[in-house]
**Student:** 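Submitted below is the structure of interest, expressed as structure tokens.
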Amino acid sequence: MTVRTRFAPSPTGYLHIGGARTALFCWLYARHHQGQFILRIEDTDRERSTEAAVQAILDGMAWLELEADEGPFYQTQRFDRYREVAQQLLKGGHAYHCYCSKEELEAMRAEQMARKEKPRYDGRCRSRKEPKPGVTSVIRFKNPVDGQTVVEDAVKGRVVFDNHELDDLIIVRSDDTPTYNFCVVVDDMDMRITHVIRGDDHLNNTPRQMNILKALGVTPPRYAHLPMILGPDGTKLSKRHGAVSVMQYREDGFLPEAVINYLVRLGWSHGDQEVFSREEMLKLFDIDDVNKSASAINPQKLLWLNQHYIKSGDLGMLAAELGWHLERLGVATAGGPALEDLVKAQQERAKTLKEMAEGSRFFFEEIKEYEPQAAAKNLTKDALPGLEALRAKLATLPEWTAPALHDALNATAESLGLKLGKLAQPLRVAVSGGGVSPPIDATLALLGREKSLARLERALEYIHKQ
RNA sequence: GCUCCCUUCGUCUAGAGGCCUAGGACGGAGCCCUCUCAAGGCUUAAACACCGGUUCGAAUCCGGUAGGGAGCGCCA
């Protein structure tokens with residue numbers, strides 16, 4: 001039997017980090033077993049579902065390269081099918097019409113709560129033969145009243161529910177639209193899903209879904225309930241925790257490889273290994289190695305992984321992504337250094353591409369003003385002799401390359417009896433405007449002779465004016 | 001309230017009765033390297049929630065307690 005998994009988000013918001021992890025595990029599990037990964041949009045809540053959210057989910061998955069083998073399927077396009085199955089249950093005596101009003105149900109729940117009981121529908125319409133005049137009914141599933149339903153969960157283990165804890169849930173509303181738990185069951189059945197991998201907030205729904213499946217004469221799929229992902233403070237993930245949308249991570253300068261690698265290690269491990277290529281994940285991932293307990297997001301570790309992929313990533317890819325970020329910052333890259341060369345110079349000193357872009361502005365734009373602290377410390381009269389000597393030396397440098405510049409700087413420092421730092425740092429401020437840049441020889445080489453000398457000249461003027 | 005789930009360093013985790021004076025990673029601290037920032041190298045602090053039981057022996061098995069979480073909708 002080929003494995004078929006599905007990711008079934010409801011389009012009421014962006015693809016957040018928890019959803020992305022669920023999608024990743026579904027995708028990994030299916031691909032690991034040469035099976036299919038299906039995308040299904042659960043948009044039965046027409047009030048809250050939006051087209052923009054559907055697109056956001058698709059975009060997020062595309063960015064993370066979690067490609068679906070089938071779908072997206074939309075539940076709103078399958079309403080006829082759900083009604084058909086509801087009729088089937090009705091005919092088979094597994095479902096019935098309920099005429100209770102919302103007020104009546106609320107009163108019942110209130111009473112039960114007052115008695116410290118679990119609020120549940122008491123099945124009062126189960127035996128009703130005749131319709132109640134003037135009331136449009138809902139359809140309820142007739143849940144078994146005794147016995148147990150056992151979920152053999154791939155991550156949580158054996159979980160037993162007493163059937164009498166489960167009440168008769170509504171499967172079709174009074175406006176004739178199907179409800180979530182029912183759509184899921186019909187879809188998982190029709191789409192021949194073999195493994196339902198989802199968040200453990202659904203664990204309590206599972207016995208209900210299994211019972212409906214059994215009433216339909218279908219063997220339930222295997223279930224795997226993934227633990228939740230928490231915010232950095234250990235509380236439930238929310239907007240307050242910053243980048244909730246996966247696409248926000250791109251905007252913040254993260255690489256999809258890093259996000260995926262980070263997510264795969266949240267709740268899953270393979271010994272002590274921390275870094276996984278996509279191929280390794282596919283080869284090594286197994287649902288048996290998934291943890292039972294919730295895990296908190298650690299932004300520092302994500303940053304570390306991102307830096308790792310920036311340091312080791314493909315230059316062309318990194319250059320393209322850096323270009324995207326520079327563009328977002330409004331930096332025109334024409335006339336500046338080649339982006340691949342820039343990446344080479346910057347990749348060891350940036351945790352995100354956004355940071356790299358921000359630290360690279362001076363290669364493309366003129367310096368508007370010096371960073372006050374860096375200037376106060378380095379662009380002083382004390383620095384004048386060194387900078388002037390450099391001006392003379394660099395103006396006549398036959399070859400404007402990093403090694404040649406390196407030699408020239410060392411020679412100048414030596415002739416003046418200075419440590420290289422005394423020369424390099426003022427020069428760095430002169431050409432970059434601040435105290436941080438790639439190694440000074442590489443910086444000058446990337447900037448080019450003309451710009452470097454002009455900026456050195458400007459710094460000298462700046463010092464003279466003091 | 002009821003049902004279900006969870007509990008190893010700050011965080012992610014290894015650990016499936018003796019290999020554990022509990023390992024790795026991120027972050028922290030310190031040192032080295034160094035033209036800045038980084039990167040890199042080395043060193044270091046830091047955890048089995050608690051209480052009982054089983055066993056020659058428990059982080060690992062069992063029971064309970066405490067603490068977290070989820071569900072209990074004509075939401076998904």
Side-chain angles (χ1 to χ4, degrees), chain A residues 8-12 42-45 47-49 75 98 100-102 105-106 109 112-121 136-140 151 153 155-157 159-162 165-167 169-175 177 179-181 183-184 199-207 225 227-228 230 232 234-236 262 265-275 291-305 307 311 346-351 359 374 378 406 409-410 413 419-429 432 434-441 443:
Chain A
S10 56
T12 53
E42 310 217 324
D43 54 354
T44 53
D45 184 355
E47 301 280 292
R48 296 195 299 154
S49 300
Q75 290 188 324
C98 167
C100 297
S101 68
K102 289 181 186 178
L105 294 172
E106 261 167 48
R109 272 193 282 271
Q112 287 163 333
M113 296 282 264
R115 271 184 268 126
K116 305 202 173 191
E117 284 170 15
K118 182 174 178 172
R120 57 201 294 285
Y121 181 65
T136 46
S137 68
V138 300
I139 301 174
R140 285 187 188 269
V151 184
D153 195 88
V155 344
K156 302 282 184 182
V159 185
V160 181
F161 296 86
D162 283 325
E165 291 291 340
L166 279 21
D167 61 358
L169 73 160
I170 293 173
I171 58 174
V172 179
R173 301 184 185 97
S174 52
D175 66 358
T177 59
T179 60
Y180 166 79
N181 273 110
C183 297
V184 166
D200 68 5
D201 46 339
H202 290 287
L203 184 54
N204 286 295
N205 284 330
T206 306
H225 286 95
M228 303 259 93
L230 276 16
T235 66
K236 202 171 159 182
Y262 180 72
R265 286 284 292 103
L266 231 40
W268 176 81
S269 62
H270 180 73
D272 285 339
Q273 190 171 343
E274 295 290 349
V275 177
N291 274 183
K292 291 162 179 254
S293 53
S295 39
I297 284 188
N298 182 348
Q300 307 279 22
K301 190 163 179 179
L302 207 209
L303 243 14
W304 172 76
L305 273 168
Q307 183 166 47
K311 277 188 299 184
Q346 296 276 225
Q347 67 189 155
E348 275 184 2
R349 66 203 80 244
K351 285 185 159 37
N378 295 290
H406 182 83
L409 257 60
N410 275 329
K419 282 174 66 175
L420 185 56
K422 289 283 176 203
L423 214 53
Q425 201 53 13
L427 182 56
R428 170 170 286 114
V429 179
S432 78
V436 178
S437 85
I440 191 65
D441 48 0
T443 301

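Not measured: the values here are computed from a predicted model. We name chains A, B, ... by the order of the sequence lines, and we start the count at 1 in each one.
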**Student:** Would you tell me if any nitrogen or oxygen in the side chain of Ser269(A) comes within less than 4.0 Å of OP1 or OP2 on C12(B)?
**Tutor:** no
**Student:** I'd like to know if the side chain of Arg120(A) reaches the main chain of Leu166(A), judged simply by a donor and an acceptor atom lying under 3.5 Å from each other, with no hydrogens or angles considered.
**Tutor:**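 The answer is yes, because a donor-acceptor pair under 3.5 Å joins these two groups.
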**Student:** Mind checking the C1' distance from G10(B) to A49(B)? Whole angstroms is fine.
**Tutor:** 16 Å
**Student:** Of the listed nucleotides (A14(B), C72(B), G24(B)), which one gets closest to any side-chain atom of Asn291(A)?
**Tutor:**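 Of all the options, the side chain of Asn291(A) is nearest to A14(B).
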**Student:** Under 3.5 Å, which N/O atoms of the protein pair with N/O atoms of nucleotides 17-19 of chain B?
**Tutor:**
none

**Student:** If we take the P atom in both A66(B) and G24(B), what is their distance in whole Å?
**Tutor:** 36 Å
**Student:** Checking only heavy atoms, does the side chain of Gln273(A) share a donor-acceptor pair with the base of G24(B) at less than 3.5 Å?
**Tutor:** no
**Student:** Would you classify Thr44(A) as touching base, sugar-phosphate or nothing, given that sugar-phosphate means primed atoms plus P, OP1 and OP2, and contacts are heavy atoms under 4.0 Å?
**Tutor:**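 Contact class for Thr44(A): sugar-phosphate only.
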**Student:** With a 4.0 Å cutoff (strictly under), does any side-chain N or O of Lys292(A) reach OP1 or OP2 of C6(B)?
**Tutor:** yes
**Student:** How long is the straight-line distance from CG of Leu302(A) back to OH of Tyr262(A), given to the nearest 0.5 Å?
**Tutor:**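 Result: 6.0 Å between the selected atoms.
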**Student:** Give the rounded distance in Å between these two atoms: CG of Asp272(A) and C1' of C12(B).
**Tutor:**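 Between C1' of C12(B) and CG of Asp272(A): 12 Å.
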**Student:** Rounding to an integer number of Å, can you tell me how far Gln307(A) CD sits from G40(B) C1'?
**Tutor:**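 Atom-to-atom, Gln307(A) to G40(B), this comes out as 11 Å.
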**Student:** If you assign Val159(A) and Lys301(A) each to the RNA chain B nucleotide with the nearest heavy atom, which residue ends up on the more 5' nucleotide?
**Tutor:**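 The answer here is Val159(A).
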**Student:** OP1, OP2 of C12(B) versus side-chain N and O of Ser295(A): anything below 4.0 Å?
**Tutor:** no
**Student:** Looking for any heavy atom pair under 4.0 Å, which part of the strands does Asp162(A) touch: base, sugar-phosphate only, or nothing?
**Tutor:** nothing
**Student:** Between U36(B), C6(B), C72(B), spot the one nearest the side chain of Lys118(A), thanks.
**Tutor:**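 Of U36(B), C6(B), C72(B), C72(B) is nearest to the side chain of Lys118(A).
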**Student:** If we take the C1' atom in both C12(B) and U3(B), what is their distance in whole Å?
**Tutor:** 30 Å
**Student:** Checking contacts here: which listed nucleotide (C35(B), A25(B), C74(B)) is nearest the side-chain heavy atoms of Arg428(A)?
**Tutor:** C35(B)
**Student:** Just checking Ser437(A): base, sugar-phosphate only, or nothing, at a heavy-atom cut-off of under 4.0 Å?
**Tutor:**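 Counting heavy atoms under 4.0 Å across all strands, the contact made by Ser437(A) includes a base.
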**Student:** Atom CG of Asn378(A) and atom CG of Leu423(A): how far apart are they, to the nearest 0.5 Å?
**Tutor:**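 Spacing of CG (Asn378(A)) from CG (Leu423(A)) equals 11.0 Å.
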**Student:** Should A25(B) form a Watson-Crick or G-U wobble pair with both distances under 3.5 Å, which nucleotide is its partner?
**Tutor:**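 A25(B) is paired, partner U11(B).
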**Student:** Look at the side chain of Asp201(A) and decide which nucleotide, out of U3(B), A70(B), C35(B), has an atom nearest to it.
**Tutor:**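 Closest nucleotide to the Asp201(A) side chain: A70(B).
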**Student:** Provide the distance between the two P atoms, one in U11(B) and one in C5(B), to the nearest whole Å.
**Tutor:** 24 Å
**Student:** Looking at Gln300(A), does any N or O in its side chain come under 4.0 Å of the phosphate oxygens OP1/OP2 on U11(B)?
**Tutor:**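 No.
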**Student:** Who does C19(B) pair with, Watson-Crick or G-U, both distances under 3.5 Å?
**Tutor:** none
**Student:** Report the residues that fulfil side-chain hydrogen bond (donor to acceptor under 3.5 Å, both in side chains) with Glu42(A), sequence neighbours left out, ordered by chain and then residue number.
**Tutor:**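 In terms of side-chain hydrogen bond (donor to acceptor under 3.5 Å, both in side chains), with neighbours along the sequence ignored, Glu42(A) is linked to Arg40(A), Gln75(A).
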**Student:** For Pro227(A), which contact category applies under a 4.0 Å heavy-atom criterion: base, sugar-phosphate, or nothing?
**Tutor:** nothing
**Student:** In whole Å, I'd like the distance from the CH2 atom of Trp304(A) to the P atom of G28(B).
**Tutor:** 14 Å
**Student:** From C-beta outward on Arg140(A), which listed nucleotide comes closest to its side chain: A70(B), C74(B), U36(B)?
**Tutor:**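 That would be C74(B).
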**Student:** Rounded to the nearest 0.5 Å, what separates atom NE2 in His225(A) from atom CG in Asn205(A)?
**Tutor:** 7.5 Å
**Student:** To the nearest Å, how far apart are Lys236(A) NZ and C6(B) C1'?
**Tutor:** 16 Å
**Student:** I need the CD1-P distance between Ile440(A) and U36(B), as an integer number of Å.
**Tutor:**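 My rounded result for the distance is 11 Å.
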**Student:** Can you tell me the pairing partner of G63(B) across any strand shown, Watson-Crick or G-U wobble, with both distances under 3.5 angstrom?
**Tutor:** C51(B)
**Student:** Holding to side-chain hydrogen bond (donor to acceptor under 3.5 Å, both in side chains), I want the full list of residues that pass it with Gln347(A), two or more places apart in sequence or in another chain.
**Tutor:** none
**Student:** At less than 4.0 Å, is any side-chain N or O atom of Lys311(A) found next to OP1 or OP2 of G40(B)? Yes or no.
**Tutor:**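 The answer is yes; a side-chain N or O of Lys311(A) sits under 4.0 Å from OP1 or OP2.
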**Student:** Quick one: is C74(B) close enough that its OP1 or OP2 comes under 4.0 Å of any side-chain N or O from Thr179(A)?
**Tutor:**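 Checking C74(B) against Thr179(A), no side-chain N or O comes under 4.0 Å of OP1 or OP2.
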**Student:** For Asp200(A) and G68(B), what is the distance between atoms CG and P respectively, to the nearest whole Å?
**Tutor:**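 So the two atoms are 17 Å apart, to the nearest Å.
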**Student:** Measure from the side-chain N and O atoms of Lys292(A) to the backbone N and O of Pro227(A), and report whether any donor-acceptor pair falls under 3.5 Å.
**Tutor:**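 No; zero donor-acceptor contacts below 3.5 Å.
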**Student:** For Tyr121(A) and G73(B), what is the distance between atoms OH and C1' respectively, to the nearest whole Å?
**Tutor:**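 Those two atoms, OH and C1', are 14 Å apart.
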**Student:** Checking the side chain of Thr179(A) only, and the main-chain atoms of Ile170(A) only, is there a donor and an acceptor separated by less than 3.5 Å?
**Tutor:**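 Checking the backbone N and O of Ile170(A) against the side chain of Thr179(A), a donor-acceptor pair under 3.5 Å is found.
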**Student:** What is the nucleic acid contact for Gly434(A), judged by heavy atoms within less than 4.0 Å: base, sugar-phosphate only, or nothing?
**Tutor:**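 Since no nucleic acid heavy atom lies under 4.0 Å of Gly434(A), the category is nothing.
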**Student:** Nearest 0.5 Å please: distance from the CG atom of Asn204(A) over to the CZ atom of Phe161(A).
**Tutor:**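 These two atoms lie 5.0 Å from each other.
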**Student:** Taking only side-chain N and O atoms of Arg109(A), does any of them lie within less than 4.0 angstrom of OP1 or OP2 on G73(B)?
**Tutor:**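 Affirmative; the distance criterion is met.
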**Student:** Got a salt bridge between Glu274(A) and Lys301(A), using NZ or NE/NH1/NH2 to carboxylate O under 4.0 Å?
**Tutor:** yes
**Student:** Work out how far the C1' atom of A39(B) is from that of C33(B), and round it to whole angstrom.
**Tutor:** 11 Å
**Student:** Partner lookup for G1(B), please. Criteria are Watson-Crick or G-U wobble with both distances under 3.5 angstrom; report none if nothing qualifies.
**Tutor:** C72(B)
**Student:** If you only use heavy atoms from C-beta on, which nucleotide in C74(B), A76(B), U11(B) is closest to the side chain of His202(A)?
**Tutor:** A76(B)
**Student:** For a quick check of understanding: with a heavy-atom distance under 4.0 Å over all strands, which category does Asp441(A) fall into, base, sugar-phosphate or nothing?
**Tutor:** base
**Student:** According to a strict under-4.0 Å criterion, is Arg265(A) in side-chain N/O contact with OP1 or OP2 of A14(B)?
**Tutor:** no
**Student:** Answer yes or no: is there a donor N or O on one side and an acceptor on the other, between the side chain of Gln425(A) and the main chain of Gly435(A), under 3.5 Å?
**Tutor:** yes
**Student:** Starting at NZ of Lys156(A) and ending at P of G71(B), how long is that distance when rounded to a whole Å?
**Tutor:**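 These atoms are roughly 13 Å apart.
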**Student:** Say you draw a straight line from OG1 of Thr44(A) to OH of Tyr180(A); how long is it, rounded to the nearest 0.5 Å?
**Tutor:**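 Nearest 0.5 Å value for the OG1-OH distance: 9.0 Å.
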**Student:** Would you indicate, yes or no, if C37(B) has its OP1 or OP2 atom less than 4.0 angstrom from a side-chain nitrogen or oxygen of Lys351(A)?
**Tutor:**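 It does not, given that no N or O in the side chain of Lys351(A) lies less than 4.0 Å from OP1 or OP2 of C37(B).
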**Student:** Which part of the nucleic acid, if any, lies within contact of Val184(A), taking any heavy atom under 4.0 Å across all strands shown: a base, the sugar-phosphate backbone alone, or nothing?
**Tutor:** nothing
**Student:** Between C50(B) and A58(B), how far is it from one P atom to the other, in whole Å?
**Tutor:**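 Comparing P positions in C50(B) and A58(B) gives a spacing of 15 Å.
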**Student:** Determine the Euclidean distance between corresponding P atoms of G57(B) and C19(B); express it in Å to zero decimal places.
**Tutor:** 15 Å
**Student:** Just call it for Ser293(A): base, sugar-phosphate, or nothing, with non-hydrogen atoms closer than 4.0 Å on any strand.
**Tutor:** sugar-phosphate
**Student:** Taking the nucleotide of RNA chain B with the closest heavy atom to each, which residue, Tyr262(A) or Leu203(A), is nearer the 5' end?
**Tutor:**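 It is Leu203(A), whose closest nucleotide lies nearer the 5' terminus.
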**Student:** My understanding is that a pair needs two contacts under 3.5 Å, Watson-Crick or G-U wobble. By that rule, which nucleotide pairs with C42(B)?
**Tutor:**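 Result: G30(B).
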